[in-house]
Amino acid sequence: MNRHLRKGFFFNAIGTYTNFLVQFLVQIILSRLLTPKEYGVVAIMSVFIIFFQVMIEAGLGPAIIQDKSLTNQSNRILYNFSAIFSLIFAIIFGFFGIVLSKIYGNPIYLSLTWIQAISVFFSGLNVVPTALLNKRKQFKAVNFSLVISNITASIVGVGFSFLGYGVYALIFSSITTAVVNFIFNHFFSGVSFILTFNFNPLKNVWKFSLNQYAFNFLNYFSRNSDNILIGKFMGASDLALYNKSYMLLMLPNALLINIITPVLQPVLSDYQDDITHIRKVYYEIVHILLLISIPLSVFLSTSSSQVILCLFGEQWKGAITPFLFLSTTVWCQVLIAPVGAIFQARNQSGRLLVTGFYSAIGLVFSIVLGVYLGTIDMLSICLTLGFIYSFLIHYYQLIKFALDGKFKLIIKEFYSPLMLAIIVYLSLKVEELVDPANIFFSLVIRASIFLVVSISFVCKSKDVTFILEFFKRN
């Protein structure tokens with residue numbers, strides 16, 4: 001397992017950070033070429049694209065990874081079914097533009113959904129090839145495909161933006177990502193269609209897949225009802241401002257968790273009955289994530305104006321306050337994200353579904369309350385409380401049922417990260433006394449203080465030995 005974890009972390013890190021750099025630079029460019037309203041139109045449609053992708057995937061990817069009895073012929077049959085589902089839902093998504101144009105009062109969706117249906121179709125086709133590559137632990141191939149597809153899509157998006165295509169530039173970029181990623185994953189996986197149709201492979205993965213699908217469905221609505229309701233009751237511009245702050249909130253999650261989570265289920269599923277081993281490895285990962293995420297939450301929240309204005313410009317200043325509140329929950333996002341992989345590795349997709357149900361209730365309630373209060377600032381406060389509730393639910397369920405542990409043991413992992421966070425907060429408060437007027441220099445100074453304080457704390461504490469031993473062992 002150690003070799004596979006190390007290999008997975010390494011290639012996922014290369015893929016994740018390369019993609020982040022490319023997409024981040026593109027976002028900075030596009031934020032100055034496109035208006036918040038144009039971003040809002042695409043943000044509304046993106047919410048429903050994710051929904052259709054959840055419907056197509058139907059929990060099939062994790063089920064393929066978990067089921068070690070599937071043969072090559074079984075995989076090809078499942079590939080057949082995924083292609084049929086992909087085509088059906090792509091056509092439905094095309095017609096769904098009629099619904100969107102009625103709900104949001106904008107006829108542009110009538111044409112956009114048919115164009116974006118191409119992306120929906122290829123995303124569905126990509127489910128089985130990607131799952132097979134992860135199951136075989138071919139993390140290098142998976143990340144190579146992601147990097148190439150994102151670089152190509154970025155060139156397309158920026159190019160069409162400079163040509164004045166507006167909203168369509170973002171759509172063409174999204175389509176390029178889906179198509180190129182599928183082409184490479186299809187090639188690397190070697191999977192192909194088969195003329196035989198047999199329902200037995202589908203029956204073999206059905207129970208696990210159904211629970212996973214139901215969880216994804218609940219998670220989708222709990223995570224996207226904010227976009228749906230803001231777009232309907234507050235408008236595209238407010239949605240774009242909120243979406244920017246939420247995107248920044250999820251960046252640390254992507255940079256940390258995209259390295260770890262894709263590796264956990266494929267590797268730990270080989271040890272699904274060894275609770276002690278899985279618990280030990282997971283608690284070690286949690287401690288490292290906390291050392292990064294809790295101080296980072298403090299830095300981002302106290303530097304929200306510098307981050308928003310420096311990266312996106314004055315036209316996005318309405319996103320400063322939402323980001324200030326939401327960024328306090330970076331640590332929640334980082335810790336919640338890998339929970340699903342542990343439930344999957346323990347073959348407890350049913351318990352994952354229960355966890356998702358309780359979490360969704362709290363998150364949807366907080367979103368509805370925030371929308372009712374009428375501003376994206378109030379929505380951000382309500383959602384911040386919802387995220388903390390979601391964290392407590394996830395970890396209660398995980399520790400009690402999947403890891404057979406005690407909650408007080410995981411609390412011990414918070415001690416040194418909290419101490420570091422306090423030192424970071426006090427250091428940044430001192431910096432405010434001499435903070436330069438220039439936004440860029442202010443952000444550079446505050447980021448430097450955050451990094452120096454964090455690295456110094458870790459190096460002078462027992463954490464440095466812990467981290468070095470973990471990576472040496474794993």
Side-chain angles (χ1 to χ4, degrees), residues 24 27-28 31 36 39-40 43 223 226-227 229-230 234 237-256 292-336 363 366-367 369-391 417-418 420-433 435-451 453-454:
F24 196 63
Q27 282 293 323
I28 292 175
S31 293
Y39 261 101
R223 288 285 181 164
D226 50 354
N227 291 315
L229 295 174
I230 293 172
M234 297 183 183
S237 294
D238 273 352
L239 174 59
L241 293 172
Y242 171 80
N243 205 257
K244 277 293 183 189
S245 60
Y246 193 88
M247 180 198 74
L248 285 175
L249 166 69
M250 300 309 291
L251 271 181
N253 197 26
L255 291 175
L256 293 172
I292 300 171
S293 61
I294 293 184
L296 184 60
S297 297
V298 172
F299 164 71
L300 292 175
S301 180
T302 56
S303 309
S304 58
S305 60
Q306 291 93 334
V307 171
I308 294 293
L309 295 178
C310 184
L311 296 181
F312 303 125
E314 285 287 336
Q315 67 172 331
W316 296 94
K317 63 182 179 181
I320 292 174
T321 302
F323 182 60
L324 183 151
F325 292 115
L326 291 174
S327 59
T328 61
T329 65
V330 165
W331 64 274
C332 288
Q333 311 301 325
V334 168
L335 290 192
I336 288 172
L363 286 175
S366 67
I367 291 167
L369 178 60
V371 171
Y372 174 77
L373 293 175
T375 67
I376 57 174
D377 293 350
M378 291 305 301
L379 172 62
S380 300
I381 294 173
C382 293
L383 193 53
T384 296
L385 297 175
F387 284 141
I388 295 173
Y389 160 82
S390 179
F391 162 75
L418 282 173
L420 172 57
I422 292 171
I423 297 173
V424 168
Y425 176 77
L426 294 175
S427 301
L428 293 176
K429 277 299 179 182
V430 172
E431 187 277 339
E432 289 178 3
L433 299 175
D435 192 47
N438 184 284
I439 293 294
F440 174 75
F441 288 123
S442 175
L443 180 59
V444 170
I445 292 172
R446 294 176 71 83
S448 300
I449 291 173
F450 163 67
L451 291 174
V453 170
S454 299

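When reading the values below, keep in mind they use all heavy atoms of this one structure, side chains included, and skip hydrogens, waters and symmetry mates.
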Task: Residue pair Ser293 / Val330: nearest heavy atoms and the distance that separates them - done: O-CG1, 4.2 Å

- [ ] Measure the acute angle between the ring planes of Phe391 and Trp331, then classify it against the limits of 30° and 60° as parallel, tilted or perpendicular.
- [x] perpendicular

TODO: Check whether any side-chain N or O of Ser427 sits under 3.5 Å from a backbone N or O of Ile423 as a donor-acceptor pair, and report yes or no.
DONE: yes

TODO: Please round to the nearest 0.5 Å and tell me the distance separating atom CG of Leu443 and atom CG of Leu311.
DONE: 6.5 Å

Open item on the list: As an exercise, state the distance from CG of Leu296 to OG of Ser301, rounded to the nearest 0.5 Å.
Closed with: 11.0 Å

Open item on the list: Tell me whether Tyr425 at atom OH has more than 12 heavy atoms from other residues, nucleotides or ligands lying less than 6.0 Å away.
Closed with: no

- [ ] Calculate, to the nearest 0.5 Å, the distance between atoms CZ and CE belonging to Phe323 and Met247 respectively.
- [x] 9.0 Å

TODO: Could you grab the distance from atom CD1 of Ile388 to atom OG1 of Thr384, nearest 0.5 Å is fine?
DONE: 7.0 Å

Open item on the list: Please give me the minimum heavy-atom distance between Gly386 and Ser366, naming the atom from each residue.
Closed with: CA-OG, 3.9 Å

Open item on the list: Any heavy-atom pair between the side chains of Glu431 and Pro436 that's under 4.5 Å?
Closed with: yes

Task: Over all atoms of both residues, closest heavy-atom pair of Val307 and Leu248 - done: CG1-CD1, 3.9 Å

Open item on the list: So does Phe325 get a backbone contact from the side chain of Thr328, meaning a donor-acceptor N/O pair under 3.5 Å?
Closed with: yes

- [ ] Begin from the C-alpha positions of Val453 and Leu420 and carry the test side-chain contact (heavy atoms from CB on, under 4.5 Å) through to its verdict.
- [x] CA-CA 8 Å; Val453 170; Leu420 172 57; 4.2 Å; yes

- [ ] Using a 4.5 Å cut-off on heavy atoms from C-beta on, say whether the side chain of Phe387 contacts that of Leu326.
- [x] yes

- [ ] State, to 0.1 Å, how close Ile367 and Leu379 come at their nearest heavy-atom pair, and which atoms those are.
- [x] O-CD1, 3.5 Å

- [ ] Using a 4.5 Å cut-off on heavy atoms from C-beta on, say whether the side chain of Val424 contacts that of Leu428.
- [x] yes

TODO: State the OG1-CG distance between Thr329 and Leu335, to the nearest 0.5 angstrom.
DONE: 11.0 Å

- [ ] Can you sort out the partners of Glu314 under salt bridge (charged side-chain N to carboxylate O under 4.0 Å, His left out), two or more places apart, ordered by chain and number?
- [x] none

Task: Which atom of Arg446 lies closest to which atom of Ser303, heavy atoms considered - done: NE-OG, 2.8 Å

Task: Side chain proximity check, Ser454 to Phe450, heavy atoms < 4.5 angstrom - done: yes

Task: Nearest-0.5 Å distance that lies between atom SG in Cys382 and atom CG in Leu373 - done: 5.0 Å

Open item on the list: I'd like to know if the side chain of Ser327 and the backbone of Leu249 have a donor-acceptor N/O pair within less than 3.5 Å.
Closed with: no

Open item on the list: With a 3.5 Å distance limit and no angle check, can you tell me whether Thr302 reaches the backbone of Val298 through a side-chain donor-acceptor pair?
Closed with: yes

Task: Heavy-atom pair of closest approach, residues Ala319 and Ser245 - done: O-CB, 3.7 Å

Task: Under 3.5 Å donor-acceptor, Thr375 side chain and Met378 backbone - done: yes

